[in-house]
Amino acid sequence: MAPALLFAAFALATLPVIGRASGNWGPRSGGPSPTQPLPDGTATPDAVAAALVLLTAAALVLRRRRPVTTLIAVTVATTLYLVIGYPYGPVLLGVAVAVFCVARHRPPRVAAGWAAGAFVALLIHLLVPGDGTPGFTGFVPAAAWVALPFSLGLARHLVADARSRARADADESLVQAERLRLAQEVHDVVGHGLAAIQMQADIALHVHETRPGQSEDALRAISAASAEALEELRSTLSSIRPEGAVAPGDTVAPTPGLARLGPLCERVRAAGFAVELEVTGARDPLPTALDLAVYRIVQESLTNVVKHSAHPRAEVQVHRGAEEVEVTVTNQDLHPDEHTAGFGISGMQRRAAQLGGTVTFGAGPQPHTFRLHAVLPSVAPPRQEMP
């Protein structure tokens, strides 16, 4: 509203000045005079000129909400202004603003069509004969008042469109990263639980006739493993719930971490695997993301041992240094030349990379062994200043 009022005030105030400067403030030859002479011999703009200026200003109020409608109204008013014979002046600013807004808020092809139409309309007054007709030299100001604002508006449109696409791409990247993170978490939780359950189920099927007592122990282990897996899965999925979405009575398990490596190894031992756990170094709490990463790396490594190792034994070593945490998991490997990174190992590598760490795997120090080694910084890497 304020820019339109300023435009109206400026255009009305400058109309007499433009009339004196042009020396021809009247209509074209043969028409009625729209001006009244002053004592000094000059003329003042009449009500028609003022009305066309006010119409242009009123149309500019809608320049952002309805830029095409604004351009049509402004072009019609300005064309009438020029056809009657009034001289060029600030009224053409209205055309420039309207063209700019169309180019800024509409697709380029649509904006180009409306801008071309406005340009053609502004040239109509060149075809009307009269003493004040500027001839084809009027082509230059008409082109300037359309081409330049159109170029500026189009540039702003393209920049805004590029920024919008960049924001959309960034949002989509965040969504995809969150989906991948959640898929990795679910894979680790469900994969580990199902591997332990499968192992115990195989034991129960194998001994249910000869040793019923051991079969019962295996079923208890299956029940415990499934309950823990469900609790951990519930905790993982709760991280994507909106705040306040937890129903009364729901319990959320604590985030897995270094302190829960003991129970994790016990579950694997209950599945019939010998697991040696050694944790050395400092005992102070780790950052939550790092604590979870250590747990998930050990969990996925033991899951791979349960699923793929020919010998039911694994050694887990976790060492906390001053600046990094090292995780080493070693087990027997009868095929040392067939190491490939599946979804589990790739997930561990992505998890470590997000924290600035690395995960390597391959033949262990002893013959026919496999070792997975992860190095995770215990402090956040320094932020790099933008150049």
Side-chain angles (χ1 to χ4, degrees), residues 1-15 17-18 21-22 45 48-128 130 132-169:
M1 178 67 72
L5 292 177
L6 290 176
F7 165 79
F10 177 70
L12 291 176
T14 54
L15 284 180
V17 178
I18 296 171
S22 65
V48 176
L52 293 174
V53 169
L54 291 177
L55 176 60
T56 301
L60 292 178
V61 175
L62 302 175
R63 65 190 183 281
R64 292 178 180 172
R65 288 179 294 176
R66 297 184 178 180
V68 173
T69 302
T70 299
L71 179 59
I72 294 174
V74 169
T75 302
V76 170
T78 305
T79 300
L80 289 176
Y81 176 95
L82 296 176
V83 168
I84 290 173
Y86 299 131
Y88 295 129
V91 69
L92 291 173
L93 284 174
V95 177
V97 172
V99 171
F100 173 86
C101 291
V102 168
R104 172 66 179 82
H105 299 288
R106 290 294 179 265
R109 290 185 178 180
V110 174
W114 285 109
F119 174 69
V120 172
L122 290 178
L123 297 180
I124 293 177
H125 74 286
L126 301 179
L127 305 177
V128 179
T133 302
F136 284 98
T137 56
F139 178 88
V140 177
W145 288 107
V146 173
L148 182 59
F150 177 80
S151 300
L152 294 176
L154 179 61
R156 288 293 303 276
H157 176 86
L158 295 177
V159 170
D161 191 50
R163 289 177 178 174
S164 178
R165 288 198 303 269
R167 286 194 298 267
D169 292 342

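This chain uses plain numbering: 1 for the first residue, then up along the sequence.
- Minimum interatomic distance between Val74 and Ala59 (heavy atoms only, all atoms of both residues): CG2-CB, 3.8 Å.
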Under 3.5 Å donor-acceptor pairs involving side-chain atoms of residues 150-168, not counting sequence neighbours:
unit_1 : atom_1 : unit_2 : atom_2 : d
Ser151 : OG     : Ala147 : O      : 2.9
His157 : ND1    : Arg104 : O      : 3.0
Asp161 : OD2    : Arg165 : NH1    : 2.2

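- Rounding to the nearest 0.5 Å places OG1 of Thr56 at 10.5 Å from CG of Leu93.
- Partners of Leu55 under the side-chain contact (heavy atoms from CB on, under 4.5 Å) rule, at least two apart in sequence or in another chain, are Ala77.
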Please evaluate residues Val91 and Leu52 with respect to the criterion side-chain contact (heavy atoms from CB on, under 4.5 Å), reporting the C-alpha separation (whole Å), side-chain torsions for both, the decisive distance (0.1 Å), and the verdict. CA-CA 9 Å; Val91 69; Leu52 293 174; 6.0 Å; no

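- Residue Val146 comes nearest to Val99 through the heavy atom pair O-CG1, 3.6 Å, listed as atom of the first residue, atom of the second, then distance.
- Taking both residues in full, the closest heavy atoms of Leu60 and Ala98 are given as CD2-N, 4.4 Å, listed atom of the first, atom of the second, then distance.
- Atoms CZ and CG, from Phe100 and Leu71 in turn, are 13.5 Å apart once rounded to the nearest 0.5 Å.
- At distances below 3.5 Å, at least one donor-acceptor pair connects side-chain atoms of Thr70 with backbone N or O atoms of Leu62.
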Stepwise side-chain contact (heavy atoms from CB on, under 4.5 Å) check, Val48 with Tyr81: CA-CA 8 Å; Val48 176; Tyr81 176 95; over 6 Å; no

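- Across all their heavy atoms, Ala144 and Pro149 have their closest contact at O-CD, 3.5 Å.
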